[in-house]
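Report on the following structure.
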Amino acid sequence: MNEPDATSEEGEAKKSNQWTRREAMKAMGAAGLASLAPQVSSAADRPESQPDAPDQPNILFILTDDHAVQGLSCYGSRLMETPGLDRIAEEGMRFDNAFVTNSLCAPSRASMLTGKYSHEHGVTENIFGDKEPFDNTQMTFPKRLQEAGYTNLQVGKWHLESNPSGFDYWKRLPNQGRYHDPVFLEKPEDGGEPNRLQESGYVTDIIVQDTIDLMDEHRGDGEPFCMLSWHKATHRGWKPAERHEDLFTNTPFPPPPTFNDDYFSRASPATHAEMSIANMPDWADEQPDGLSEMERKHWNYQRYMKEYQRTVKAFDEGMERLLDYLDETGLADNTLVVYATDNGMFIGEHGYYDKRFMYEESIRIPLLMRYPPMIEPGTVEDRVVRNIDFAPTFMDIAGMEIPDEVQGRSLRPLMEGREQADWDEPLYYHYYEYPGPHKVRPHYGVRTERYKLIYYYTVEEWELFDLQRDPHELQNVVDAPGYQDVVEDLKDELRALRDRYDDTTGKNVS
């Protein structure tokens, strides 16, 4: 691909003074790999403090809703400290380039369960109104793990309408659920209608305690467990725990650099979307009278950040409790802990809230893993990974063959510190829901290490961003001199990816 000259800004974008594994490997050369990458294939090569990897480790998969990567201190956030999540990064691996393939709650969750793109598993939009629920008869990683002898457990948010399948026990929130005194639907013993439970307390605390209780109940069974601890936090409709109601009251949150983005040069969907912080309806009846539009925007942003971060605080406290439990019971050495969120989130970037767009803040997610027998503490991984990679990773870790229908790939080589010469495939993304909430036009696109090409096919408009020169994605250079070869090359790449993943939805690339 022909590329315009540019001065690299990668150094300014680093979130840590620690080298990534890939950078260190490049600098050290092949001779230095043995000292950098853990050799987990042989117990003799492992440090004495590193336990042997069991054939089928327990899996604790923790998922939040709409948690922006910009909000975690282990990713360099200045908004608040997240010591619980930071602990997973410090004791395990932080993935710096983890992305979703459709930035919306239900489609992303279905992709995590199946290892497939939205057009394959059938959930292209959020499930509401006349939308079909997730087809729970199809292959999912819990079903595969159950075949391998795992006890599968789920508690918390599900958001796929149909009931969980492939679980020995589940207790899910109906639809979005609520923060205080939540209602849960529980798996019935007789196969009939779910039991309806009303519980007192804060939803995050309840889910954390249920997670601990379920792991404690099954840790002596002699069989590995897979525990899905899926949270409502940090989804909109933010309600803090009572202990956090006054948290951040006197804390001013700095707006991000792109807060006052004017969308100049951008395709029309950037201004057509309805997710402007200035027009957030959430607290309209509480705003002071006489505010200008800019004053209203800043007032909404401060309120947004305070409510949002309060829900993060309760969740992060829960993470510390979970990690303490694993350490105190000895489960830490044979339990893979995975933390992720279902999609990215705008928390003021480009003047937006919500997600959906193929812009970085919307598609990039935090992904943290801890597994002492396999992952070196404090490891940072910069290769691109996707939410469709979760399912094959869990199957691989459990020693299972990955079905051909799975479109993702196992992250195990990265967890083990192995170089993968063929890993650098560009990211393919496809968003569908329209008009729906927020009116973001359908689009698909391709993201390479340097470029991102987006096609809004219902209005036939394009955006190209040079992520090296323009990491904040402010300048659409699709028609700029010097980029035409780049555009043609990326269009070819986009066609190839659509063919590879057999995506015939949406208008084809012209």
Practice task
Quickly, which of Tyr263, Tyr431, Tyr352 forms a ring pair (Phe, Tyr, Trp, His ring centres under 6.0 Å) with Phe357? Name it, please.
Solution key: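 Exactly one pass, corresponding to Tyr352.
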Is the cationic atom of [X] (NZ for Lys, CZ for Arg) positioned less than 6.0 Å from the six-membered ring centroid of [Y] and within 45 degrees of its normal?
X	Y	value
Arg172	Trp230	no
Arg310	Phe248	no
Lys297	Phe259	yes
Lys187	Tyr169	no
Lys355	Phe346	no

Student check: side-chain heavy atoms of [X] and [Y] closer than 4.5 Å:
X	Y	result
His443	Tyr432	no
Met112	Phe141	no
Asp65	Lys157	yes
Leu368	Val338	no
Val384	Phe99	yes
Phe184	Ile206	yes
Tyr308	Lys306	no
Val446	Lys452	no

Do any N or O atoms from the side chain of [X] and from the backbone of [Y] form a donor-acceptor pair under 3.5 angstrom?
X	Y	value
Thr335	Ala332	no
Tyr117	Tyr428	yes
Tyr301	Pro254	yes
Arg296	Ala278	yes
Asp168	Asn152	yes
Gln407	Tyr501	yes
Asp396	Leu411	no
Tyr429	Ser103	yes
Thr64	Ala233	no
Ser108	Leu104	no

Could you tell me the separation between the [atom1] atom of [X] and the [atom2] atom of [Y], rounded to the nearest 0.5 Å?
X	Y	atom1	atom2	value
Ile363	Met358	CD1	CE	5.0 Å
Met369	Phe61	CE	CZ	8.5 Å
His272	Met275	NE2	CE	11.0 Å
Glu307	Gln302	CD	CD	12.0 Å

Problem - Check: His119 ring centroid to Tyr444 ring centroid under 6.0 Å - result: no
Practice task
Determine, stepwise, if the pair Phe95 / Thr379 fulfils side chain to side chain contact (heavy atoms under 4.5 Å, CB included).
Solution key: CA-CA 9 Å; Phe95 290 81; Thr379 306; over 6 Å; no
Does atom [atom1] of [X] have more than 12 heavy-atom neighbours from other groups under 6.0 Å away?
X	atom1	result
Gln420	CD	yes
Lys131	NZ	yes
Glu405	CD	yes
Glu132	CD	no

Problem - Val406: which of Lys116, Arg144, Met139 passes side-chain contact (heavy atoms from CB on, under 4.5 Å) - result: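 Exactly one option meets the side-chain contact (heavy atoms from CB on, under 4.5 Å) with Val406, and it is Met139.
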Practice task
Check the pair Leu367, Glu381 against side chain to side chain contact (heavy atoms under 4.5 Å, CB included), reporting the backbone distance first and the verdict last.
Solution key: CA-CA 10 Å; Leu367 176 58; Glu381 176 55 68; over 6 Å; no
Exercise for the section: Would you check, one step at a time, whether the test side chain to side chain contact (heavy atoms under 4.5 Å, CB included) holds for Ile207 with Ser229? Expected result: CA-CA 7 Å; Ile207 293 171; Ser229 182; 3.7 Å; yes
Handout entry: Derivation of the side-chain hydrogen bond (donor to acceptor under 3.5 Å, both in side chains) call for Asp86 and Ser73
Key = CA-CA 7 Å; Asp86 293 358; Ser73 49; 2.5 Å; yes
Could you check whether [X] pairs with [Y] (Lys NZ or Arg NE/NH1/NH2 to Asp/Glu carboxylate O, under 4.0 Å)?
X	Y	result
Arg386	Asp389	yes
Glu286	Arg303	yes
Arg178	Asp181	no
Arg94	Asp96	yes
Asp316	Arg87	no
Glu317	Arg243	yes
Arg236	Asp354	no
Lys143	Glu147	no
Glu186	Lys171	no

Exercise for the section: Carefully, step by step, assess Tyr304 and Gln309 under the rule side-chain hydrogen bond (donor to acceptor under 3.5 Å, both in side chains). Expected result: CA-CA 8 Å; Tyr304 175 21; Gln309 302 295 1; over 6 Å; no
Answer yes if the side chains of [X] and [Y] hold a donor-acceptor pair under 3.5 Å, and no otherwise.
X	Y	value
Asp66	Asn343	yes
Glu223	Gln56	no
Tyr353	Asn300	no

Exercise for the section: Quick one: do Phe465 and Arg447 satisfy side chain to side chain contact (heavy atoms under 4.5 Å, CB included)? Show the steps, please. Expected result: CA-CA 9 Å; Phe465 298 102; Arg447 182 196 186 279; over 6 Å; no
Problem - Chi angles and distances behind the side-chain hydrogen bond (donor to acceptor under 3.5 Å, both in side chains) call for Ser118, His430 - result: CA-CA 8 Å; Ser118 294; His430 196 159; over 6 Å; no
Exercise for the section: On the 0 to 90° scale, with breaks at 30° and 60°, tag the Tyr339-Phe315 ring pair as parallel, tilted or perpendicular. Expected result: tilted
Exercise for the section: Please test Gln209 against Asp205 for side-chain hydrogen bond (donor to acceptor under 3.5 Å, both in side chains), starting from the C-alpha separation and ending with a verdict. Expected result: CA-CA 6 Å; Gln209 188 59 56; Asp205 299 340; over 6 Å; no
